[in-house]
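All remarks here apply to the structure that follows.
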Amino acid sequence: MPSLSRLILAHLWTAFAAFGGAIILGLWQMWVRSPFAAPLSSSENYFISVTAHGSAMGYVLTTFFIMGFGYFVAETALKRPVPFPQLAWAAFYAGIAGVVLVVATVISGQATVLFTFYPPLTASPWFYVGLVLVVASSWVWCVLMLVAMGQWKRENPGKSVPLAMFATAANAVLWLWTTIGVAAEIVFVVLPAAFGVTDTVDVGLTRTLFSWTLHAIVYFWLLPAYIAFYTMAPQKAGGRLYSDTMARISFVSFLIYGLPVGLHHLFMDPHPPSGFKTVQMVFTVLVAVPTLLTVFTVCASMETAGRLRGGQGLLGWVGALPWKEPMVLATGLSFSMLWFGGFGGLINMSYGMNAMIHNTSWVTAHFHMIFGGSVVIMYFAIAYEIWPKLTGRKTPSVALQRVQLWSWAIGMMILSLPWHVLGLFGQWRRVAQFDYSDPNIAWWSPWMAASLLGGAILVVSAALFICNIARFHIDDKKLQAETEPMRYAVSLHPGTAAPAALNGFSLWNVLVLVLMTAAYAVPIAHSFVVKPPQAQVHRVNGQ
Amino acid sequence: MAISETGVVQSERRWALAMAVVSVIFLTAILYAAIAQHLSPPSNVELIDPATIHVSGEFAEDNLGTRLEPEGGVVIRLVTTQFSFVPSCVVVPQDAPVTFRVVSPDVIHGIMVVGTNVNTMIVPGYISRVRTRFAEAGEKLMPCHEFCGLGHSQMIAKVRVVPVNEFKPDADGRAHCAEP
């Protein structure tokens with residue numbers, strides 16, 4: 001058992017507790033929007049719920065899961081204790097304090113600004129302070145990950161950092177860069193307004209700063225899934241990682257191209273200089289590349305496994321894979337959803353076509369498919385993989401884990417395919433109720449009912465997930481077992497050390513700095529040069 | 001199955017090349033649409049003070065709605081505000097070039113005309129501008145698509161597209177939605 005099991009479990013349970021609450025809110029939101037009358041339906045309750053759902057899923061589930069999983073990887077991949085565990089605990093409690101502030105302000109209706117804020121709408125300052133605490137605790141995690149990797153490198157000169165840890169550190173570096181935008185927005189603009197120090201805000205500037213964070217944050221959420229694709233799935237399938245170098249190139253590409261692309265969220269905004277929209281659109285095309293490389297390397301790795309297990313012919317290896325293994329099954333389901341989500345993403349990033357779907361349900365469908373589908377299903381698979389190691393117990397029922405993964409994927413498809421359709425035909429976002437008596441809207445009813453069913457399946461699947469992991473903690477002598485140490489996939493040709501550039505981040509940090517300066521210096525400076533008139537602060541907490 | 005290290009590298013190079021070609025095709029298609037077909041996002045850096053929008057000038061109340069401009073061209077001026085459009089219905093001629101000019105005196109809003117590519121954010125401090133041409137006659141929904149407060153869901157307007165011979169602006173060039 002890792003010595004930090006308690007710390008890791010504390011993070012993961014916080015993440016999944018937030019997830020469990022948020023998914024029930026999600027179902028209720030679908031119900032309110034559907035043609036059927038829902039209990040407690042009101043605009044205020046709806047937007048409280050949307051704010052809570054988004055903040056819990058986007059900030060709490062992700063950040064705490066990634067921190068907990070990172071500590072696990074640092075200890076098991078580097079096979080040495082994580083440095084400064086007391087600091088890690090302190091950061092955890094700071095993060096919890098932040099979550100408490102966020103929950104309290106949102107539930108009391110003091111923060112109906114959704115999880116993307118929309119200044120000049122302004123919530124209670126304690127909502128933002130809570131989020132700052134969560135982010136600050138994740139910064140401590142980033143530093144601990146980089147220190148752990150640095151210490152290991154000093155102890156193992158000339159050796160390559162194990163891939164799982166290299167990728168975790170890449171995510172830490174990515175996250176430090178990513179949070180600069182939102183931190184600047186909150187510290188310099190939003191908090192002064194929320195505390196009443198200022199009465200006006202430059203709205204265009206806040207949107208540009210938030211866009212800095214808004215896209216790379218999804219790669220922060222995504223990378224644990226990719227770590228599982230590369231280092232866990234081939235191992236569980238009984239194969240080898242096709243190429244360690246290619247994997248490192250993919251992770252580094254996310255770091256480089258995931259950041260200078262945020263303006264594609266502002267394609268429909270008047271204020272960003274249009275040339276920079278084009279520049280960032282080009283980078284957005286490039287950020288598809290690491291995913292396309294991953295598809296190849298992971299499929300090739302799985303092919304080695306299938307062939308080692310006796311699979312023959314062009315596609316015979318697919319059937320030979322151990323699909324009963326939750327990690328292998330989840331990888332297959334995740335890839336299936338990645339096709340739909342990736343296709344939707346290509347439409348979103350298309351400079352011209354974006355006008356067709358901007359702020360429609362298409363976008364909601366896209367990120368639920370990619371994040372809720374492809375990514376969160378891998379969070380489940382990772383949980384199933386590491387919970388036995390964290391608790392020293394055998395898996396109570398692998399069959400129930402498979403049922404849970406299948407129901408999640410099916411539920412997500414039923415939830416989000418109708419949203420794609422409705423979005424394409426212009427169903428707009430962030431609306432509590434629709435007027436189904438309007439002939440333009442009446443035909444939406446069956447689609448909304450279908451997606452409500454999808455939501456219900458997801459809630460059942462989530463409940464089953466919580467049961468599946470909770471059962472590890474129930475004291476049952478039959479489940480006690482000697483756990484095997486965590487094993488990560490070995491590459492097809494081990495032994496060869498990664499090039500120095502792919503064993504650290506110095507070069508890539510310089511490149512990120514250059515690209516971010518090229519992509520964002522002018523759009524940010526633009527606000528200070530054109531000096532747009534400011535907008536009055538609108539306090540949603542009525543003060 | 002034994003695949004040599006050079007075999008691995010070769011297969012990866014081939015794949016990477018194929019993916020580079022795919023990316024270039026995407027990029028070419030997008031840039032072609034942007035340049036040759038003028039399918040570009042609505043950028044427009046034109047400033048306006050949200051605090052004084054109503055007082056005078058282009059967006060004073062009696063200047064809002066559809067107008068056939070003296071120099072030609074149809075312009076629709078709209079104010080989006082918590083939680084309504086002013087005016088809440090606009091009439092536009094079918095198959096003619098029209099320009100939307102939209103401002104917000106309070107918070108962020110967004111508009112789309114359902115079933116068309118008319119789509120823009122409205123950021124306080126800036127004038128949003130969208131140029132378009134409506135191919136079909138009929139009544140279309142124009143909701144606010146960005147969260148602007150608790151009344152956001154009720155914020156919805158209409159665009160009435162009429163055949164050119166039914167588009168009858170008054171002496172001042174203004175056209176209004178006939179009731180209802």
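The structure displayed is predicted, hence computed values, not measured ones. Quick note on labels: first sequence line is chain A, next is B, and so on, each numbered from 1.
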What's the spacing between [X] [atom1] and [Y] [atom2] if we round to 0.5 Å?
{"X": "A:His493", "Y": "B:Thr6", "atom1": "NE2", "atom2": "OG1", "value": "8.0 Å"}
{"X": "B:Glu12", "Y": "A:Thr297", "atom1": "CD", "atom2": "OG1", "value": "5.5 Å"}
{"X": "B:Ile108", "Y": "A:Thr116", "atom1": "CD1", "atom2": "OG1", "value": "9.0 Å"}
{"X": "A:Asn45", "Y": "B:Leu150", "atom1": "CG", "atom2": "CG", "value": "10.0 Å"}
{"X": "B:His152", "Y": "A:Arg429", "atom1": "NE2", "atom2": "CZ", "value": "9.5 Å"}

Between [options], the one whose heavy-atom pairs under 4.5 Å with chain A are most numerous:
{"options": "B:Cys144, B:Gly149, B:Cys148, B:Pro41", "answer": "B:Pro41"}
{"options": "B:Met19, B:Glu146, B:Met112", "answer": "B:Glu146"}
{"options": "B:Thr120, B:Val9, B:Asp106", "answer": "B:Asp106"}
{"options": "B:Ile30, B:Val24, B:Leu39", "answer": "B:Ile30"}
{"options": "B:Ala51, B:Ser128, B:Ser104, B:Pro42", "answer": "B:Pro42"}
{"options": "B:Arg129, B:His38, B:Gln37, B:Gln82", "answer": "B:Gln82"}

Can you check whether [Y]'s main-chain N or O pairs, donor with acceptor, with [X]'s side chain at less than 3.5 Å?
{"X": "B:Asp49", "Y": "A:Pro533", "answer": "no"}
{"X": "A:Ser43", "Y": "B:Gly151", "answer": "no"}
{"X": "A:Asn359", "Y": "B:His145", "answer": "yes"}
{"X": "B:Trp15", "Y": "A:Leu292", "answer": "yes"}

Query raised in the report: Taking it one step at a time, do B:Tyr126 and A:Val203 satisfy side chain to side chain contact (heavy atoms under 4.5 Å, CB included)?
Result: CA-CA 9 Å; B:Tyr126 295 86; A:Val203 184; over 6 Å; no
May I ask you to check whether over 12 heavy atoms, not counting those of [X], lie within 6.0 Å of atom [atom1]?
{"X": "B:Phe134", "atom1": "CZ", "result": "yes"}
{"X": "B:Glu46", "atom1": "CD", "result": "yes"}
{"X": "B:Glu136", "atom1": "CD", "result": "no"}
{"X": "B:Glu61", "atom1": "CD", "result": "no"}
{"X": "A:Tyr436", "atom1": "OH", "result": "yes"}

Quick one: are [X] and [Y] in side-chain contact, heavy atoms under 4.5 Å?
{"X": "A:Tyr118", "Y": "B:Val107", "result": "no"}
{"X": "B:Met121", "Y": "A:His271", "result": "no"}
{"X": "B:Val45", "Y": "A:His526", "result": "yes"}

Using non-hydrogen atoms only, which part of [X] is less than 4.5 Å away from chain B: side chain, backbone, both, or neither?
{"X": "A:Asp435", "value": "neither"}
{"X": "A:Leu266", "value": "neither"}
{"X": "A:Thr360", "value": "side chain"}
{"X": "A:Val530", "value": "both"}
{"X": "A:Gln427", "value": "neither"}
{"X": "A:His538", "value": "side chain"}
{"X": "A:Phe47", "value": "side chain"}
{"X": "A:Ser42", "value": "neither"}
{"X": "A:Val201", "value": "neither"}
{"X": "A:Leu286", "value": "neither"}

Query raised in the report: Does the pair B:Leu27 and A:Met281 meet the rule for a side chain to side chain contact (heavy atoms under 4.5 Å, CB included), with working shown?
Result: CA-CA 9 Å; B:Leu27 204 51; A:Met281 184 271 292; 3.9 Å; yes
Atom group of [X] that falls short of 4.5 Å from chain A, counting heavy atoms:
{"X": "B:Phe147", "answer": "both"}
{"X": "B:Ile48", "answer": "backbone"}
{"X": "B:Gln154", "answer": "side chain"}
{"X": "B:Ile156", "answer": "side chain"}
{"X": "B:Ser11", "answer": "both"}

Top contributor to chain B contacts, counting heavy-atom pairs under 4.5 Å, from [options]:
{"options": "A:Asn440, A:Val537, A:Thr278", "value": "A:Asn440"}
{"options": "A:Met349, A:Met268, A:Arg207", "value": "A:Met268"}
{"options": "A:Met353, A:Gln534, A:Lys277", "value": "A:Lys277"}
{"options": "A:Tyr46, A:Tyr351, A:Phe267, A:Phe434", "value": "A:Tyr351"}

What closest approach, in Å, do [X] and [Y] show between heavy atoms, and which atom pair accounts for it?
{"X": "A:Pro272", "Y": "B:Ser43", "value": "O-OG, 3.7 Å"}
{"X": "B:Ser23", "Y": "A:Val285", "value": "O-CG1, 3.6 Å"}
{"X": "A:Ala432", "Y": "B:Ser153", "value": "N-OG, 2.8 Å"}

Report task. Assess whether side chain to side chain contact (heavy atoms under 4.5 Å, CB included) is satisfied between A:Ile357 and B:Asn119, documenting all intermediate values. Result -> CA-CA 9 Å; A:Ile357 45 77; B:Asn119 196 327; over 6 Å; no
